[in-house]
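Here the structure is laid out as structure tokens; the discussion comes afterwards.
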Amino acid sequence: MPKTSKHKIERRQSNIHGNGVFAIAPIAKGERIVRYKGLLRSHDDVDAAYGAQEEDGHTFLFTLNDDYVIDANVEGNVARWINHSCAPNCEAVHEENAKGKTHKDKVYIEAIRDIAVGE
């Protein structure tokens, strides 16, 4: 399993959408940057908690699989501030648990190209 390089990123203000995540050291293509963390919840729990809220453009929910959602509003880490892009430099990678335990699946953010400091 590749080691994450979360010490190579930081959250800062972004001109695009409030907070963003920026490289503070070069990141190589294929490098695992950070695991997307948060409270593991069922889809029904997430719907009950957030279903009636008006959309504000900030979504910290990541569908993990058919059973669970990662709710980075609770116990989330820096990964929740990663902005989507029309010209992305990284992608989300779903890692299924080898024993089929869906509550132990994980999502990692990995570089799809070299990323320079400041990106």
Side-chain angles (χ1 to χ4, degrees):
M1 176 181 342
K3 183 178 177 183
T4 59
S5 59
K6 63 183 171 188
H7 60 280
K8 293 186 175 185
I9 58 173
E10 70 179 5
R11 182 204 53 82
R12 297 196 306 240
Q13 283 298 116
S14 168
N15 295 338
I16 298 170
H17 207 277
N19 291 306
V21 175
F22 297 84
I24 57 173
I27 300 171
K29 178 181 179 178
E31 193 169 342
R32 184 167 278 180
I33 300 168
V34 65
R35 179 177 162 198
Y36 195 93
K37 290 186 177 181
L39 180 66
L40 195 62
R41 304 177 82 169
S42 72
H43 291 271
D44 288 342
D45 287 345
V46 168
D47 289 345
Y50 302 110
Q53 289 185 6
E54 187 173 323
E55 176 61 42
D56 67 358
H58 287 75
T59 303
F60 301 118
L61 303 172
F62 204 114
T63 298
L64 182 60
N65 51 43
D66 290 341
D67 300 319
Y68 297 102
V69 174
I70 300 169
D71 182 355
N73 289 299
V74 183
E75 302 173 19
N77 63 351
V78 67
R80 70 183 170 167
W81 300 112
I82 293 173
N83 291 316
H84 73 281
S85 171
C86 295
N89 56 18
C90 55
E91 67 182 356
V93 176
H94 178 238
E95 187 174 277
E96 291 182 1
N97 176 268
K99 295 182 180 179
K101 297 179 179 180
T102 57
H103 68 285
K104 293 196 175 204
D105 287 0
K106 295 176 174 65
V107 171
Y108 292 96
I109 307 301
E110 293 184 2
I112 58 173
R113 64 168 175 79
D114 290 343
I115 302 172
V117 173
E119 285 191 76

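Not measured: the values here are computed from a predicted model.
If you take CG on D114 and NZ on K29, they are separated by 8.0 Å, rounding to the nearest 0.5 Å. Interatomic distance, K37 NZ to K106 NZ, rounded to the nearest 0.5 Å: 9.5 Å. With values rounded to the nearest 0.5 angstrom, F62 atom CZ is found 5.5 Å from I109 atom CD1. To the nearest 0.5 Å, the span separating CD on E75 from CG on N77 amounts to 11.0 Å. The CD1 atom of I33 lies 14.5 Å from the OH atom of Y36; values are rounded to the nearest 0.5 Å. For the atom pair CD1 of I70 and CG of L40, the computed distance is 7.0 Å after rounding to the nearest 0.5 Å.
Heavy atoms only, all atoms of each residue included: E110 and G30 are closest at OE1-O, 4.4 Å. When all heavy atoms of A28 and A111 are compared, the pair lying nearest together is O-CB, 3.4 Å.
Within the 4.5 Å cutoff, side-chain heavy atoms of K8 are placed close to those of E31. Contact of the P26 side chain with the I115 side chain is not registered, since no non-hydrogen atoms from C-beta on lie closer than 4.5 Å. Residues I27 and I9 meet the side-chain proximity criterion, which asks for heavy atoms closer than 4.5 Å. Within the 4.5 Å cutoff, side-chain heavy atoms of I82 are placed close to those of V34.
H43 places a side-chain N or O within 3.5 Å of a backbone atom of N65 that can act as its donor or acceptor partner. Of the possible polar contacts, none joining the D71 side chain to the L61 backbone as a donor-acceptor pair under 3.5 Å is found. Judged purely by atom type and a 3.5 angstrom limit, N89 has no side-chain atom pairing as donor or acceptor with the backbone of R113.
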Q) Does the pair V69 and D45 meet the rule for a side chain to side chain contact (heavy atoms under 4.5 Å, CB included), with working shown? A) CA-CA 9 Å; V69 174; D45 287 345; over 6 Å; no
Q.
For a side chain to side chain contact (heavy atoms under 4.5 Å, CB included) check, start with the C-alpha distance between E95 and V107, then their side-chain angles and the critical distance, and finish with the verdict.
A. CA-CA 6 Å; E95 187 174 277; V107 171; over 6 Å; no
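Under the 4.5 Å side-chain contact rule for hydrophobic residues, F60 and L64 share a cluster.
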